[in-house]
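Read through the structure below, which is laid out as structure tokens, and then see the notes.
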Amino acid sequence: MNAGSSDHRGPTRSTDNRPGLDLLVLAVCIVAFLLHCLEYAVVQDDAYISFVYSKNMALGNGLVFNLGERVEGYTNFLWTLIHVLPHLVGLEAATTSQVLGFFSAAGLFAATLALARQVRPSDSSLSYTPVLVLLAANGSLALWTLSGMETLLFSMLVTAGALTYLCQLAGRGSGWSTGAIFGLAALTRPEGLLFFALTCLHWLSLKLLDRDLRISDLVPLAVPFLSLVIPHFVFRVAYYGFPLPNTFYAKTGIGSEYVVDGLLYTWKFLVDYGFWGLGLVVPLALAVGTRARAVHLYVGLMIWGYALYVTAVGGDTLPQNRFYLPIVALMYLELGEFGHLAARAFGDWLSRMTTRALATRAQLVCSVLLLATMGYYTFYHARPQIQHVVLASQEHNEGLHELADYINSQPSSGDLLVSSTAIGIPRYFTDASILDLVGLTDEVIAHDPKPLPGIRSAHRLRSYNVRYVMDRAPNLIYFISGERPIPPAEKALFMSQRFRQGYYLTYMSDDRPVYARRPGVSQPEELIHSSGEFVELYSRGLSASSQDSTEAILREAIPLVPK
């Protein structure tokens, strides 16, 4: 059946394919995007967490962060496995990850162009340019491409899975490739399970509407997917002892604060790249107002289902819309279709008012102006924020590299235990064991957090367990912002008598403080202070805008501090 009708199949293939022009448009947009990426090229500390696991795997120590501790502190199994290879052959993992990130981005662009052709196959290649232009102008996409993380690989696999599924609906291809691609996506990030479930839900709804449901038809979708996902799940439970990654237990929870965080996170994305919600509304409008109803219902289901998930889990701890990038291509695809239909309707209206030639020229001018406006906004609106993130990340990494150098300068550095909320770089570049204060790579903190009264949990990483950390007696404790505690895990340390009496502030360099355990002194008896309100005031005081404000806030804290 023709997809232009109200049936459930996708569009039929056009005979007007122009591969040469397609490749030219694609190449120009990818080159422009590469130049955009190079402005924001900084490898995130979190990427080094995966590299630690890859490095230990290559050395024969297993998929572990600290030797002898089986904790799944990563959420990108396939990405982590891929990076075992550069460690085996002596390539630099960070550079390899950036190359893979760029090629994943190129694959995302190619899959998006193919998807646009699948949805509307009869038009010229230039009519698909707006979707690729918006992708190339997306600063968050550029930031995370060369971040060393799996974001672009996952985004490419999700888009490719949607492409093969729509080809399947159009009668070209089978569910085997769709299931395999979504299986690889699920190995790359756990959210791949959600996208596969949404795809199955759409397929089942179409079969039920057609009264043609046969469970055996699910086999081509399910078998390749499950053949990838089930062995990984069995490995996870057998090797790590839990059905979900340790990071899930450390980061997520149930409560209104997570929903509030998620709503704020979603709204920021919509302002930056979703055109204030238009990107969420357009799929519904296309599903209702066009004949290719099944196609737009599927794309809308993917967008809305994932947006609800991101909102429910509270968004992401990392900045600049990282969690939403897997659906950016799908959203821009729908915006492109909406713009195409609007331009055509505008041209038809003008042709009734004037000559067809004049209407065509006016339609072209308006379309170019609209694309230029949208592209300009996409590129420039979030640009100052992203530049700030890049500078902050560079400074953040510089401090962590200095910490690693300081650790390596200590005698018997391999015997040290260092605690911090930023753990990738210091663990990757040293032999010391690293205790993660927020529990991403620590089973006890993730599964048995101990919140303390008076410590506010506005920070996205809320898990901590002060008694456990002090029982481990780390040799060094590093705060990501210097002296000032920011995450709850850092603030809560000041409520511990062991920390206050057993650690002193020293300096790795003139401007890099670190807390060190007092040598040759037995740990004092533990006593947790009754309220952390004084710590909140102390943290506020250190970030006050003036010396007078700092003094006033710290004086307010004095009556509340432990004796």
Contact summary for [X] and [Y], nearest pair of heavy atoms:
{"X": "A47", "Y": "S147", "value": "CB-O, 3.7 Å"}
{"X": "L166", "Y": "Q118", "value": "O-NE2, 3.4 Å"}
{"X": "A186", "Y": "F225", "value": "CB-CE1, 4.0 Å"}
{"X": "I327", "Y": "M302", "value": "CG2-O, 4.2 Å"}
{"X": "A294", "Y": "L206", "value": "CB-CD2, 4.2 Å"}
{"X": "H87", "Y": "A93", "value": "CE1-CB, 3.6 Å"}

Could I get the full list of side chain to side chain donor-acceptor pair (under 3.5 Å) partners for [X], not counting sequence neighbours?
{"X": "T80", "result": "N76"}
{"X": "S97", "result": "none"}
{"X": "S463", "result": "none"}
{"X": "Y332", "result": "N138"}

Kindly state each residue pair satisfying salt bridge (Lys or Arg N to Asp or Glu O under 4.0 Å) with at least one member in [range], sequence neighbours excluded.
{"range": "residues 132-151", "result": "E150-R189, E150-R322"}
{"range": "residues 27-49", "result": "E39-R383"}
{"range": "residues 75-85", "result": "none"}

Checklist entry - Do H36 and F379 have their ring centres less than 6.0 Å from each other? => result yes
Checklist entry - Do the two ring centres, one from W144 and one from F154, sit under 6.0 Å apart? => result no
Rounded to the nearest 0.5 Å, how far apart are [atom1] of [X] and [atom2] of [Y]?
{"X": "N321", "Y": "Q385", "atom1": "CG", "atom2": "CD", "answer": "8.0 Å"}
{"X": "L108", "Y": "L141", "atom1": "CG", "atom2": "CG", "answer": "6.0 Å"}
{"X": "L113", "Y": "D22", "atom1": "CG", "atom2": "CG", "answer": "5.0 Å"}
{"X": "L286", "Y": "L341", "atom1": "CG", "atom2": "CG", "answer": "6.5 Å"}
{"X": "T112", "Y": "L26", "atom1": "OG1", "atom2": "CG", "answer": "9.5 Å"}
{"X": "I486", "Y": "S481", "atom1": "CD1", "atom2": "OG", "answer": "3.5 Å"}

For the pair [X] and [Y], name the ring-plane relationship: parallel under 30°, tilted 30 to 60°, perpendicular over 60°.
{"X": "Y165", "Y": "Y298", "value": "tilted"}
{"X": "F323", "Y": "Y265", "value": "perpendicular"}
{"X": "F51", "Y": "Y48", "value": "perpendicular"}
{"X": "F77", "Y": "F235", "value": "tilted"}

Quick check against the 3.5 Å criterion: does [X] have a side-chain atom that pairs as donor or acceptor with the backbone of [Y]?
{"X": "R236", "Y": "P243", "result": "yes"}
{"X": "Q98", "Y": "L146", "result": "yes"}
{"X": "T290", "Y": "A287", "result": "no"}
{"X": "W79", "Y": "L153", "result": "no"}
{"X": "T95", "Y": "E92", "result": "no"}

Show me the donor-acceptor pairs within less than 3.5 Å that the side chains of residues 389-400 make with the rest of the protein, sequence neighbours left out.
residue, atom, partner, partner atom, Å
S393, OG, Q44, NE2, 3.4
S393, OG, V389, O, 2.8
N397, ND2, V43, O, 2.8

Checklist entry - Where do L263 and V260 land on the side chain to side chain contact (heavy atoms under 4.5 Å, CB included) test, with the steps shown first? => result CA-CA 5 Å; L263 288 171; V260 171; 5.5 Å; no
Next on the checklist: Could you walk me through whether T378 and D272 satisfy the side chain to side chain contact (heavy atoms under 4.5 Å, CB included) test, starting with their C-alpha distance in whole Å, then the side-chain angles of each, then the deciding distance to 0.1 Å, before giving a yes or no?
Outcome noted: CA-CA 7 Å; T378 299; D272 287 350; over 6 Å; no
Are the side chains of [X] and [Y] in touch, meaning some heavy atoms are under 4.5 Å apart?
{"X": "L228", "Y": "L184", "value": "yes"}
{"X": "E72", "Y": "L244", "value": "no"}
{"X": "V84", "Y": "S54", "value": "yes"}
{"X": "L358", "Y": "L350", "value": "no"}
{"X": "L330", "Y": "L115", "value": "yes"}
{"X": "P326", "Y": "E191", "value": "no"}
{"X": "L364", "Y": "T360", "value": "no"}
{"X": "R120", "Y": "S127", "value": "yes"}

Checklist entry - If you look only at pairs with a residue in residues 98-129, which of them pass as a ring-ring contact (aromatic ring centres under 6.0 Å, His included), with sequence neighbours excluded? => result F33-F109
Item to check | Selection residues 166-189 - residue pairs positive for ring-ring contact (aromatic ring centres under 6.0 Å, His included), sequence neighbours left out | outcome: none
Item to check | Pairing residues for W267 by the ring-ring contact (aromatic ring centres under 6.0 Å, His included) criterion, not counting sequence neighbours | outcome: none
Do we see a donor-acceptor contact under 3.5 Å between the side chains of [X] and [Y]?
{"X": "Y53", "Y": "H83", "answer": "no"}
{"X": "Q363", "Y": "R344", "answer": "no"}
{"X": "Y324", "Y": "T266", "answer": "yes"}

Checklist entry - Is it true that atom NE2 of H388 has more than 12 heavy atoms of other residues, nucleotides or ligands lying nearer than 6.0 Å? => result no
Next on the checklist: Could you go through V28 and L24, starting from their C-alpha distance and side-chain angles, then the distance that decides it, and tell me whether this counts as side chain to side chain contact (heavy atoms under 4.5 Å, CB included)?
Outcome noted: CA-CA 6 Å; V28 169; L24 178 62; 4.2 Å; yes
Item to check | Derivation of the side chain to side chain contact (heavy atoms under 4.5 Å, CB included) call for L169 and V295 | outcome: CA-CA 9 Å; L169 289 187; V295 171; 5.5 Å; no
Next on the checklist: Once salt bridge (Lys or Arg N to Asp or Glu O under 4.0 Å) is applied, do any residues pair with R361, and if so which ones, sequence neighbours excluded?
Outcome noted: none
